[in-house]
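Accompanying notes for the structure given below.
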Amino acid sequence: MITATAVIAATALVAMAQTGGYPRNETLYSSGTQWGNIVGFNPYVSNYAAGTIGLINETLFRYDPVKDEYIPWLATSGEWTSSNVYKLTIRDGVKWSDGSDFTAEDVKWNIDLGRFPTIWWSNLYDSAESVETDGNTVTVTFKDTPAYQEWQNAVWNMPMVQPAQWKDHATEQEVASWSPEAPIGTGPYVLDENGYDPTTRVVWKKTPDGWWASEAGLIPDPEPNYIIDLVNSSNNVALGLLLAGQEDLNNNFLPGVATLVKGGYGLKTYYDEPPYMLSANTAWLVPNMTKAPTNDVAFRRALAYAINIDQIVQVDYGNLVLPANPTGLLPTWDKYIDQDAVEKYGFSYDPEQAEQILKDAGYTKGADGFYQTPDGKPIDLELIVPSGWSDWMQASQMIAADAKAVGIKITPRSPDFNTYQSHRNTGEYDLVIDNAAQISDTPYTYYRYLYKQPILDAQTNYNFSRVKDDEAWGLVRELNQTPRDDAEKMQELVGQLQTSFMQELPQIPLWYNGIWAQMGTTTWTGWPADGGDQQFIPCMWGGYLQMTGIDTIAHVAPISGQ
């Protein structure tokens, strides 16, 4: 049980040290993105300063996952003029924060960074034949059938950096390591160098010459003159700042926040009842497909039936999350879910069914009451989650208890995050919980996460289960080469993939992690909420500002009298 008074008292000194020195009624304080020291303002490295993409470096388009709509941004349009030619029209009147014009040549320069393998769209770039400009247009011609889904996803995630600032550092090594001292972008904010401390906070201040998007009437001019994103020290400190009115937008997982929202502490969440949060990603139980018995579909299916996901949602999360659909597809992709296939191939909590599946597959119990493999080998699986991730740690204990109840021995472990990540990436594990695939505009990104080939010695983003399913991967590639507006073909391919997934269960969907967002109401009002006019994403995480996180910032207003 959270004791609000104790938390406030315990964090008062930290609050003063982190948040002092800026006019409170002009400053929006956030946290929940940055863990560990900030490494700078390079959008191509991990742990870059929160807000770098979105507040400084903007994207050609944005994406609204609530409405499932693309938002023209630095580009006014993007269209396929033929099967392999994509034409971008770049918006007139956009300025870099140093006053220079943002041009089609700048866009080409940024796209051309894909020539470096350290840039995440390098595979896409390798498939392009040419990138050419003509006035305010950029035309990308692909050699063969384009990766339509991947390209559409890239145009709202590719940050535009200023060529003049980056040209002397555009080498394979430096583009992934260099950080500008004062980054130049097209966004509504610039760095306040005097307030920046990589150990505690980044301070953004409104660009003094105005923001092109507000001047064009696309979005209100943000009222916060400063945005200060704090480096996380602990969830309790973050909660103390919120309750003390010294933090406004928190994107941490805060256990018990539902009680505080209902208890009159001045906190808001996107929903005012369960699940309180929008869904961000699927939490998976990931089995190692290179080991027995987790490489056996019967064992994986039995394990899926053994886990009481509803209990994890209620007890561990206090109903802040939703149980995952058996397909694992996020709520934003509900339109793709084949309910008949779910009815036929899905699973739900049923311990008796779990044991029956094991018995039918030849598993037998040993003298200790735990199942052995069909060839008589004992089963003792290790389930790892990162140390300090309290929700996952508790979930791992509950999963182990559920498994024990049906005769499957699982031992939870909680190494530090770097060790967890190393074991996950290199396949040195039995079971892990993972949630690397985030919400996006297309289920292609989700199936790429599940099935991507080839499997490397160290997987960094995809296919942590190390499943080798050539048929499924072929369907994923076909989906990638399906235009985004071919809804019928997408539905057909996603239907085949979800059926194959539920039959084989290379990973087991558990719950939907929330877009954790707790909003204070003592200084700022107008926060996003379900059913209102402002159904935006209230989040500073990487990738979320160019969705509708920036709309959240642009629509809040100071409380009268502050």
Distance from [X] atom [atom1] to [Y] atom [atom2], nearest 0.5 Å?
| X | Y | atom1 | atom2 | answer |
| --- | --- | --- | --- | --- |
| Glu215 | Lys95 | CD | NZ | 10.0 Å |
| Ile508 | Leu285 | CD1 | CG | 5.0 Å |
| Gln162 | Asp98 | CD | CG | 4.5 Å |
| Asn252 | Leu241 | CG | CG | 10.0 Å |
| Leu74 | Thr186 | CG | OG1 | 4.5 Å |
| Asn251 | Thr33 | CG | OG1 | 5.0 Å |

Which pair of heavy atoms, one from [X] and one from [Y], lies closest together, and at what distance?
| X | Y | value |
| --- | --- | --- |
| Gly543 | Met547 | O-CE, 3.4 Å |
| Tyr48 | Asn42 | CB-O, 3.3 Å |
| Ile309 | Pro509 | CD1-O, 3.5 Å |
| Tyr512 | Ser279 | CB-OG, 3.6 Å |
| Tyr429 | Ser465 | OH-CA, 3.4 Å |
| Pro326 | Phe501 | O-CE2, 3.3 Å |

Subject >> Greater than 12 external heavy atoms within 6.0 Å of Lys268's NZ >> reply: no

Taking [X] for the side chain and [Y] for the main chain, is one N or O donor matched with an acceptor at less than 3.5 Å?
| X | Y | answer |
| --- | --- | --- |
| Asn513 | Ala280 | no |
| Asn236 | Gly240 | no |
| Ser97 | Gly185 | yes |
| Asp64 | Phe536 | no |
| Trp527 | Tyr270 | no |
| Gln518 | Asn250 | yes |
| Gln152 | Gln149 | no |
| Trp211 | Lys206 | no |
| Ser414 | Pro386 | no |
| Thr552 | Ile537 | yes |

Side chains of [X] and [Y] in contact at under 4.5 Å (non-hydrogen atoms):
| X | Y | answer |
| --- | --- | --- |
| Leu55 | Ile553 | yes |
| Leu450 | Val467 | no |
| Trp156 | Asp441 | yes |
| Leu330 | Thr282 | yes |
| Met277 | Ile515 | no |
| Glu58 | Trp212 | yes |
| Met540 | Leu545 | yes |
| Met160 | Leu60 | yes |

Original post:
Pick one: which of Tyr196, Tyr189, Phe41, Tyr226 meets ring-ring contact (aromatic ring centres under 6.0 Å, His included) with Trp204?
Top reply: Phe41

Original post:
Checking ring pair (Phe, Tyr, Trp, His ring centres under 6.0 Å) for the pair Tyr446/Trp284: CA distance, chi angles, key distance, verdict?
Top reply: CA-CA 12 Å; Tyr446 155 77; Trp284 308 89; 5.4 Å; yes

Relative to the ring of [Y], is the ring of [X] parallel (under 30°), tilted (30 to 60°) or perpendicular (over 60°)?
| X | Y | result |
| --- | --- | --- |
| Tyr44 | Trp166 | perpendicular |
| Trp541 | Tyr544 | perpendicular |
| Tyr317 | Trp511 | tilted |

Original post:
What residues, two or more places apart in sequence or in another chain, satisfy salt bridge (Lys or Arg N to Asp or Glu O under 4.0 Å) together with Lys262?
Top reply: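 Salt bridge (Lys or Arg N to Asp or Glu O under 4.0 Å) check on Lys262 returns nothing, list empty.
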
**OP:** Tell me, please, which residues at least two apart from Asp192 pass salt bridge (Lys or Arg N to Asp or Glu O under 4.0 Å).
**Re:**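 Here no residue qualifies.
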
**OP:** Under the side-chain hydrogen bond (donor to acceptor under 3.5 Å, both in side chains) rule, what do Asp197 and Thr199 come out as? Steps first, then yes or no, please.
**Re:** CA-CA 5 Å; Asp197 179 344; Thr199 67; 2.7 Å; yes

**OP:** Could you walk me through whether Asn232 and Gln34 pass side-chain hydrogen bond (donor to acceptor under 3.5 Å, both in side chains), step by step?
**Re:** CA-CA 6 Å; Asn232 292 277; Gln34 196 75 58; over 6 Å; no

**OP:** Please report the C-alpha distance between Ser214 and Ile219 in whole Å, then the side-chain angles of each, then the deciding distance to 0.1 Å, and finally whether the side-chain contact (heavy atoms from CB on, under 4.5 Å) criterion is met.
**Re:** CA-CA 5 Å; Ser214 298; Ile219 191 170; 4.2 Å; yes

Original post:
Which is it for Asp434 and Tyr449 under the side-chain hydrogen bond (donor to acceptor under 3.5 Å, both in side chains) test, yes or no, and what are the steps along the way?
Top reply: CA-CA 11 Å; Asp434 179 65; Tyr449 161 81; 2.5 Å; yes

Subject >> Asn319 versus Tyr276, side-chain donor and acceptor atoms under 3.5 Å >> reply: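 Not at all, the side chains of Tyr276 and Asn319 share no donor-acceptor pair under 3.5 Å.
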
Original post:
Can you find a side-chain donor-acceptor pair between Asp551 and Gln534 that sits under 3.5 Å?
Top reply: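 Per modelled atom types, Asp551 and Gln534 side chains form no pair under 3.5 Å.
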
Original post:
Where do Tyr29 and Asp229 land on the side-chain hydrogen bond (donor to acceptor under 3.5 Å, both in side chains) test, with the steps shown first?
Top reply: CA-CA 6 Å; Tyr29 289 93; Asp229 191 84; over 6 Å; no

Original post:
Going through the checks in order, is the side-chain contact (heavy atoms from CB on, under 4.5 Å) test met by Tyr349 and Ile307?
Top reply: CA-CA 6 Å; Tyr349 176 58; Ile307 300 170; 5.8 Å; no

**OP:** Would you please test His555 and Asp533 for side-chain contact (heavy atoms from CB on, under 4.5 Å) and show each step?
**Re:** CA-CA 10 Å; His555 284 82; Asp533 295 334; over 6 Å; no

**OP:** Start with the C-alpha distance between Tyr265 and Leu242, add both sets of side-chain angles, then the distance that settles side-chain contact (heavy atoms from CB on, under 4.5 Å), and finish with yes or no.
**Re:** CA-CA 9 Å; Tyr265 288 96; Leu242 266 176; over 6 Å; no

**OP:** Report the C-alpha distance between Phe102 and Trp73 in whole Å, list the side-chain angles of each, state the deciding distance to 0.1 Å, and finish with yes or no for ring pair (Phe, Tyr, Trp, His ring centres under 6.0 Å).
**Re:** CA-CA 12 Å; Phe102 175 80; Trp73 208 239; over 10 Å; no

**OP:** Any chance you could lay out the ring pair (Phe, Tyr, Trp, His ring centres under 6.0 Å) test for Trp389 and Phe417, step after step, and finish with the verdict?
**Re:** CA-CA 9 Å; Trp389 292 33; Phe417 179 80; 5.6 Å; yes

